[in-house]
Structure formats: C-alpha cells, structure tokens
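Every number for a ligand or one of its atoms is a count from 1 in the order of the listing.
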Amino acid sequence: MPVIDVHNHFFPRTWPDFAARFGTPNWPWIKHTDPGKAEIMVGDRFFRHIYSACWDPELRLQEMDRDGVEMQVISATPVLFAYARPTEHALACAKLFNDAARDLCSRGKGRLNSLCQVPLQDIDASCEELSRCMRAGHLGVEIGNHVGEKNLDDPGIVTFLHHCADEGAAVLVHPWDMFGQSRMPKYMMPWTVGMPAETQLGIVAMILSGAFDKLPKNLRICFAHGGGSFAFLLGRLQNAWEHHPVAHGNCELTPKHYLDRFYVDSAVFDARALQFLVETMGTERVMLGSDYPFPLGEHGIGSLIRSSKFSAAEKGLLLGGNAEKFLGLRTESAPAGTPEPAKPIEPRSDRLTYSSYLRVPELLRLQHPQSVPEPHDELLFIIVHQTYELWFKELLHDLDGVVASLRASAANPQSRDHVYEAARLLRRCTEITRVLVEQFTILETMLPTHFLAFRGKLEPASGFQSEQFRELEFLCGLKDEKMLRYHRPTPEAYAQLERRLREPSVHDAFFDALRAMGKLTIPEGATERERLDARAHAVLSLYRDEHSYRDWIDVCERLTEFDELVVSWRLRHIQLVERIIGMRMGTGGSAGSSYLKLTLDKKFFPELWEARTLLTE
Ligand code: HEM
C-alpha cells in the first residue's frame with residue numbers, strides 16, 4: 001500500500017502584494033532571507049521561518065524519498081484563509097493559491113496532489129470555487145474550524161459540507177485563529193494549547209448540533225493534529241451526554257457513535273498518544289499527517305506509525321490505505337489488492353466535453369455502498385434508487401411546466417397554445433412514469449437473501465424520506481401535511497415541502513383554468529362532496545362537447561393516465577416489497593406491505609374518474 005501524507009503545507013515562491021492590491025493592511029507576504037530560506041510575514045509582524053521545500057518540488061520529492069513517502073496532498077496554510085476579509089479579496093487570494101498548488105503538483109511527477117482553500121465567509125462563492133478547483137484536479141478542500149463566531153455546525157458551513165460530499169471532495173479541517181490568545185501570549189501556546197481545543201470544539205459542535213445526522217455519510221472529513229483533544233476527552237463528553245440532558249444537543253445518537261463519520265491525522269508526536277488515538281477512533285479512521293515542512297511537523301515523516309506496535313496490516317492502513325479512501329482514490333469497500341478502477345478522464349482545458357457537461361466523474365462518485373465487505377447487489381440497490389430520484393426530478397420539472405401552462409391558460413382562456421403545451425408535457429410525464437413502473441423488474445433480480453446481507457445498514461433510512469416523491473404527491477394535489485414529519489432531520493427538504501404545500505398544485509391549476517373558461521362554479525359554503533361533484537360535472541361538460549374541447553379532453557386523458565400509472569407504480573412497489581421482504585415491517589417503521597396497500601386508493605384527480613361514472617348514468 002502506498003504511503004500517503006494527507007496533512008502538509010506549501011507556499012509558492014512569490015505572490016503579489018495583496019496589501020497594495022486591496023488597500024488593506026496585514027496580508028501575509030514572503031521575505032526571502034538566505035538562499036532557500038524565507039520568512040512568512042503578516043504585515044510587519046514575523047510569522048514563521050520556512051525553507052524551499054515549501055515551493056521547490058524537486059527538494060520536496062527528495063525529502064519524500066528520504067522518508068519513504070509516495071504521495072503528499074499539499075494544502076495552504078491557515079494564515080491565508082482571509083475569512084474576516086471581504087469575499088472578493090478572500091476569493092482572489094484563494095484562487096491564486098489554489099492555482100499555485102496545481103502548478104506545484106504539475107511539477108510533482110504525479111506524486112503531489114492538493115486540497116484547495118475557499119472564502120468560507122461566503123457559502124455560494126465557496127461552493128463555486130470548490131467546484132472549479134475539483135475540475136482543475138484538486139482532491140478536496142482545507143477549511144478552518146470556524147469562521148469568526150461560527151462553528152462548523154453553522155447552517156451555511158453545513159451547506160458547504162453538503163456540497164463537498166456532492167462533489168466528492170475530501171475535507172481537511174485545520175484549527176486556526178485560536179481563542180483566548182490574550183491569555184496565551186508566550187511559548188507558542190496558541191499552537192500547543194489553543195489548536196487542540198479549537199479542533200475538539202469543531203468536532204463536538206458537529207456531533208452535538210446534529211450536523212453529522214444531516215450530512216450524507218459519503219462526506220469524507222478529517223480533523224488535523226489527531227483531532228486535537230477530542231479522543232482523549234471523548235469519555236468526558238459521553239459522560240455528560242448520558243447524565244445531563246442539557247448536554248444532549250440535537251444529535252440522534254450518543255457522541256461515541258459518530259466516530260465512523262470522520263477521520264483524524266496522526267500528528268500527535270507520541271507513541272502512546274497514537275496508540276490511544278487508534279484504539280479510540282479505530283484503525284480505519286487515522287491517517288498519516290505530518291505538518292511537513294513546518295518546524296512543528298513530524299521529522300522523519302511516518303516514523304511514529306512505523307515504530308508503533310500495530311500489525312503490518314494496520315500500519316498499511318494508517319500509512320496510506322485509509323488515505324486512499326479519504327481522498328477518493330479507492331472506494332470504501334474495494335478489498336486490498338483490487339486493481340484500481342479506471343479514473344474518469346478530467347477535462348484538461350475549459351473546453352466542454354461529454355464528461356464535463358454531464359458531470360460524469362461526479363455522478364460516478366456518488367455510489368457509496370455501506371457494507372463491508374460489499375455485497376454484490378448493494379450497488380444495484382443504490383443505482384436503481386438514484387435513477388428513480390433522477391426521473392422524479394424530471395417529473396417535478398415537467399409538472400411545474402404543466403402548472404405554468406395551465407395557469408397561463410386560465411389567464412387567457414381564448415388561447416389554445418397553453419392547453420396544447422400542458423398536454424405535451426403531460427405525455428412526457430406518463431412516458432417517464434411507465435418506465436418507472438417497469439424499472440422495478442431490475443431490482444427484482446436481487447434475491448431476498450442478498451438484500452438481507454445489507455438491509456441492516458439501511459435503518460432508519462426509508463422511502464418515506466424520499467423528498468421528491470412526496471413533492472410529486474404535493475404538486476399533483478395530494479397534500480398530506482402529516483408526511484412532513486419524516487423530513488424533520490433535513491431542514492432544506494422540510495422547507496421545500498412546506499413550500500409545495502402552499503403553492504398551487506396541478507389539480508388547483510387545472511380546475512382554475514376550467515373556472516376561467518366558465519365551466520366551473522362552486523357556490524359559497526359548498527361542502528367538500530358538493531365541490532367534488534361540481535368539478536366532476538365541469539369535466540363531464542368537456543367530454544359531452546368533444547368537438548369544441550378536443551385539446552382539453554386530451555389534457556384530461558393524460559391526467560387520468562398519469563393517475564393510473566402512479567397507482568401502477570404503487571402496486572408494483574408493493575409487489576417488489578412482498579417479493580423481497582414478505583410481510584415484514586419497513587426500515588421506516590411502517591407495517592410494510594400492509595401499510596403500502598392502504599395507499600392504493602390515493603388518486604390525484606378523483607373528479608376525472610367520477611366524470612366517467614356520471615357519463616354512463
Ligand atoms: C428492496 C427494495 C425495496 C423495499 C424492500 C422497499 C420497502 C418499502 C417499505 C416497507 C416502505 C414503507 C415505509 C417504511 O416503513 O419504510 C417503502 C416506502 C417507499 N418506498 Fe420502497 N422499497 C424498496 C424499493 C424502493 C424503490 C426502488 C423505490 C424507488 C424510489 C422506493 C420508494 C419508496 C417510496 C417513495 C416510499 C414511500 C411510499 C409512500 O409513502 O406512499 N422503494 N418502501
């Protein structure tokens with residue numbers, strides 16, 4: 001297994017005078033003192049001695065060879081984060097150092113990779129810069145453990161971390177801007193005391209706030225310097241959680257259950273500390289990190305791990321195996337020795353390619369089976385569900401178009417163009433749904449026993465939490481507010497569904513259009529049943545005058561067909577469920593198939609069906 005150092009730093013040889021460019025003081029700059037030696041200055045204050053390994057790839061590679069390191073993943077130094085400055089200044093700084101990192105890596109004979117930095121005070125700008133950097137070849141991002149008063153559980157930062165997961169970007173959290181500095185003016189105490197506490201604070205904030213519950217499990221995040229004081233004080237945290245309700249925060253599980261959600265590096269500089277760290281976090285959660293080439297870094301990179309009492313296999317994981325997973329160089333479950341999958345080709349320039357337009361590399365990085373060793377069919381299970389979700393997205397897009405067309409038609413009842421457009425889009429919706437009904441057959445090639453091999457890993461995830469499925473129901477007019485409760489753990493989904501509840505549905509837009517045409521009047525104070533009857537009679541009047549309302553009848557037929565196909569989808573889903581888990585309960589806690597059967601009576605447009613009864617009377 002290769003030896004990979006995930007935590008080390010670089011500085012370019014020179015960079016522009018930011019203070020002059022932006023007209024603001026105290027930017028970092030580099031003062032070359034002797035050949036191969038320099039000082040980092042912040043304004044007129046000395047910050048750190050550095051040497052040419054920071055910018056010279058040849059020297060870096062020589063020292064990596066000396067220490068037996070195959071790969072280093074370089075990142076900037078927190079003094080460059082500029083989180084307290086205006087976004088445009090911090091972004092310009094980030095871009096400059098991000099491009100400089102790629103330049104250094106391009107001269108690293110394939111042995112240097114990089115993490116970018118982002119202006120984390122602005123989440124949109126950070127997401128955009130991260131995406132740009134991932135396209136440019138960075139493997140992820142290094143962020144500070146706070147932005148001013150905001151810890152890592154800040155909703156904006158959580159959104160950014162979501163984006164990192166979507167982009168497949170590894171995240172290295174580095175402590176910076178340490179608190180209590182007025183009480184630590186001497187002896188490098190901000191580094192030796194402040195930094196470990198800052199890192200611990202970052203981890204604890206993410207656990208107790210429930211940020212880890214909200215974030216997807218495929219987020220790969222690592223905390224520098226062995227996670228600071230976290231591992232040593234985990235017992236204290238757990239004890240507080242168990243005995244003081246006030247210490248619970250919003251997390252779903254107790255703190256020790258979150259250890260498999262993040263990595264830490266090995267920069268603890270003491271054999272017993274490393275032993276304890278690995279025993280606490282697990283052999284799969286600690287990775288080589290050296291802080292090279294800074295004075296506080298490990299001298300003889302990897303020597304602490306190599307001289308530890310762990311087995312050769314465990315050392316292999318600590319020195320590089322875990323880093324391969326963290327960096328996305330190897331998938332979670334590929335057993336050691338498996339040949340590396342061919343890496344998707346990244347575009348080398350800004351010219352659009354098939355891959356860059358369709359974001360194929362990102363798409364192919366989004367399948368993360370949870371079981372180890374990976375059962376063969378878990379990938380199928382993930383891909384089938386993801387495909388459903390993609391089609392749900394298209395359905396929502398088209399049905400939004402249907403609502404817009406019907407509303408335009410209500411605004412101008414004489415024009416038939418909008419009616420035609422609504423029917424055209426509805427035809428697409430029925431064709432998509434037909435495919436969705438059929439698609440269950442693919443999943444039925446999975447034996448019940450093969451599903452059981454990984455079902456335990458799914459709890460408490462369930463189809464109940466498919467936000468888009470519920471959105472589809474709401475958008476078509478089946479607005480059951482009770483279903484919102486399954487989305488409490490995901491505030492964005494909850495807010496989106498609440499919005500759908502308030503907005504006009506396809507059902508509303510359709511009958512508003514009939515009202516605008518003079519086909520529907522509902523008397524004040526009418527009961528629910530009388531309203532439904534009035535709507536059914538409005539539909540009836542269209543069918544009874546086929547010659548004048550062919551286009552509207554086409555819309556009615558498409559809506560009826562869509563309704564019918566969604567019931568077929570529900571039925572096929574029930575058959576699949578019974579075939580795979582029989583009459584067992586669902587992972588979402590429902591009675592399973594017998595619960596799902598109750599949903600078969602749900603109809604989006606009962607009036608369209610009622611009109612048929614009326615026609616034959
Ligand atoms: C092994 C295959 C599957 C099994 C065993 C299964 C099982 C279940 C069960 C038991 C429920 C009821 C809720 C619960 O207690 O969890 C449910 C709901 C649901 N499932 Fe599946 N499911 C499977 C595949 C799928 C697929 C491929 C989709 C595609 C998107 C899907 C979408 C849904 C949705 C949207 C719901 C909520 C339905 C509603 O509330 O009316 N399921 N599933």
Side-chain angles (χ1 to χ4, degrees), residues 366-367 369-371 374-397 399 429 432-490 493-494 496-497 500-501 505 562-604:
L366 294 178
Q367 293 70 41
Q370 295 286 312
S371 311
E374 182 189 329
H376 184 85
D377 284 1
E378 193 174 351
L379 184 64
L380 173 78
F381 187 79
I382 293 171
I383 289 181
V384 167
H385 278 83
Q386 288 182 337
T387 317
Y388 271 105
E389 289 294 335
L390 283 175
W391 282 123
F392 287 165
K393 182 172 181 174
E394 179 62 36
L395 277 177
L396 286 166
H397 180 58
L399 288 168
C429 293
I432 293 173
T433 313
R434 215 181 298 285
V435 169
L436 297 190
V437 175
E438 269 306 299
Q439 216 174 254
F440 284 120
T441 55
I442 306 175
L443 205 48
E444 281 174 342
T445 60
M446 175 175 70
L447 292 181
T449 40
H450 293 180
F451 178 54
L452 288 180
F454 61 90
R455 184 179 191 236
K457 290 275 175 194
L458 306 185
E459 271 162 336
S462 143
F464 271 157
Q465 295 160 337
S466 167
E467 175 201 341
Q468 294 199 103
F469 179 81
R470 207 57 69 200
E471 259 193 78
L472 279 169
E473 283 196 340
F474 288 5
L475 176 54
C476 290
L478 266 180
K479 297 183 176 180
D480 184 352
E481 221 174 313
K482 288 195 299 301
M483 299 317 266
L484 281 180
R485 68 180 187 276
Y486 295 104
H487 301 276
R488 279 211 189 93
T490 45
Y494 194 93
Q496 171 68 359
L497 284 167
R500 287 286 186 196
L501 275 181
S505 63
F562 183 61
D563 220 357
E564 196 175 86
L565 283 161
V566 172
V567 175
S568 304
W569 185 93
R570 294 186 198 275
L571 183 63
R572 283 295 288 116
H573 175 248
I574 293 171
Q575 288 170 331
L576 165 80
V577 171
E578 289 190 359
R579 191 160 164 171
I580 305 276
I581 60 166
M583 304 308 286
R584 275 247 167 264
M585 277 180 69
T587 45
S590 82
S593 150
S594 49
Y595 159 78
L596 290 167
K597 281 183 182 154
L598 302 176
T599 65
L600 284 175
D601 288 336
K602 288 188 179 182
K603 285 206 171 71
F604 296 142

* Asked: What's the shortest distance from atom 7 (C) of ligand 1 to any protein heavy atom, and which residue and atom give it?
  -> Val577 CG2, 3.4 Å
* To do: Using a strict cut-off of 4.0 Å, indicate which atoms of ligand 1 neighbour a heavy atom of Gly589.
  => 15 (O)
* Would you mind listing which atoms of ligand 1 come within a distance below 4.0 Å of any non-hydrogen atom of Gly463? => 19 (C), 20 (N), 33 (C), 34 (C), 35 (C), 36 (C), 37 (C)
* **Min heavy-atom dist Gln439 to ligand 1 below 4.0 Å** => no
* Asked: Does the ring center of Trp569 lie less than 6.0 Å from the ring center of Phe562?
  -> no
* To do: Would you mind listing which atoms of ligand 1 come within a distance below 4.0 Å of any non-hydrogen atom of Phe381?
  => 1 (C), 2 (C)
* If hydrogens are left out, which of Glu389, Met483, Arg470, Met583 has an atom nearest to atom 39 (C) of ligand 1, that is, the closest non-hydrogen atom? -> Arg470
* To do: Determine, considering heavy atoms only, which of Phe440, Trp569, Tyr388 sits nearest to atom 32 (C) of ligand 1.
  => Trp569
* Asked: Should you measure from each heavy atom of Leu576, which atoms of ligand 1 turn up under 4.0 Å away?
  -> 2 (C), 3 (C), 23 (C), 24 (C)
* Does an N or O anywhere in Ser462 fall below 3.5 Å from an N or O of ligand 1? -> yes
* Asked: When the ring centroid of Phe440 is compared with that of Tyr388, is the distance short of 6.0 Å?
  -> yes
* **ligand 1 N/O within reach of Ser593 N/O, cut-off under 3.5 Å** => no
* **Winner among Ser594, Ser590, Ala591, Ala461 once heavy atoms are compared against atom 14 (C) of ligand 1** => Ser590
* Asked: Within the structure, does His573 bring an N/O atom to less than 3.5 angstrom of an N/O atom in ligand 1?
  -> yes
* **The one among Met585, Arg570, Arg584, Glu444 that brings a heavy atom closest to atom 41 (O) of ligand 1** => Arg570
* Starting from atom 5 (C) of ligand 1, locate the nearest protein heavy atom and write down its residue, its atom name and how far away it is, to 0.1 Å. => Phe451 CE2, 3.9 Å
* Find all atoms of ligand 1 within a distance of less than 4.0 Å from any non-hydrogen atom belonging to Gly592, and give their numbers and elements. => 10 (C)
* Asked: Around Arg584, counting heavy atoms of other residues, nucleotides and ligands shown, do more than 12 lie under 6.0 Å from its CZ?
  -> no
* Structure fact -> Minimal heavy-atom distance between Ile442 and Thr445, with the atoms involved, is O-OG1, 2.6 Å
* Taking 4.0 angstrom as the limit, do Glu444 and Arg572 come out as a salt bridge? -> yes
* To do: Verify side-chain hydrogen bond (donor to acceptor under 3.5 Å, both in side chains) between Gln439 and Thr387, making sure each step is shown before the conclusion.
  => CA-CA 9 Å; Gln439 216 174 254; Thr387 317; 4.9 Å; no
* Measure from the ring center of Tyr486 to the ring center of Tyr494 and say whether it is less than 6.0 Å. => no
* Asked: Ion pair present between Glu374 and Lys457, side-chain N to carboxylate O less than 4.0 angstrom?
  -> no
* Asked: Can we say Glu473 and Arg570 salt-bridge, meaning some charged N sits less than 4.0 Å from an Asp/Glu carboxylate O?
  -> yes
* Please verify whether a non-hydrogen atom of Tyr486 lies at under 4.0 Å from ligand 1. => no
* Asked: Lys602: heavy atom below 4.0 Å from ligand 1, yes or no?
  -> no
* To do: Just jot down the ligand 1 atoms closer than 4.0 angstrom to any heavy atom of Leu443, in number order.
  => 2 (C), 27 (C)
* Going by distance only, is there an N or O of Gly588 that falls short of 3.5 Å from an N or O of ligand 1? -> yes
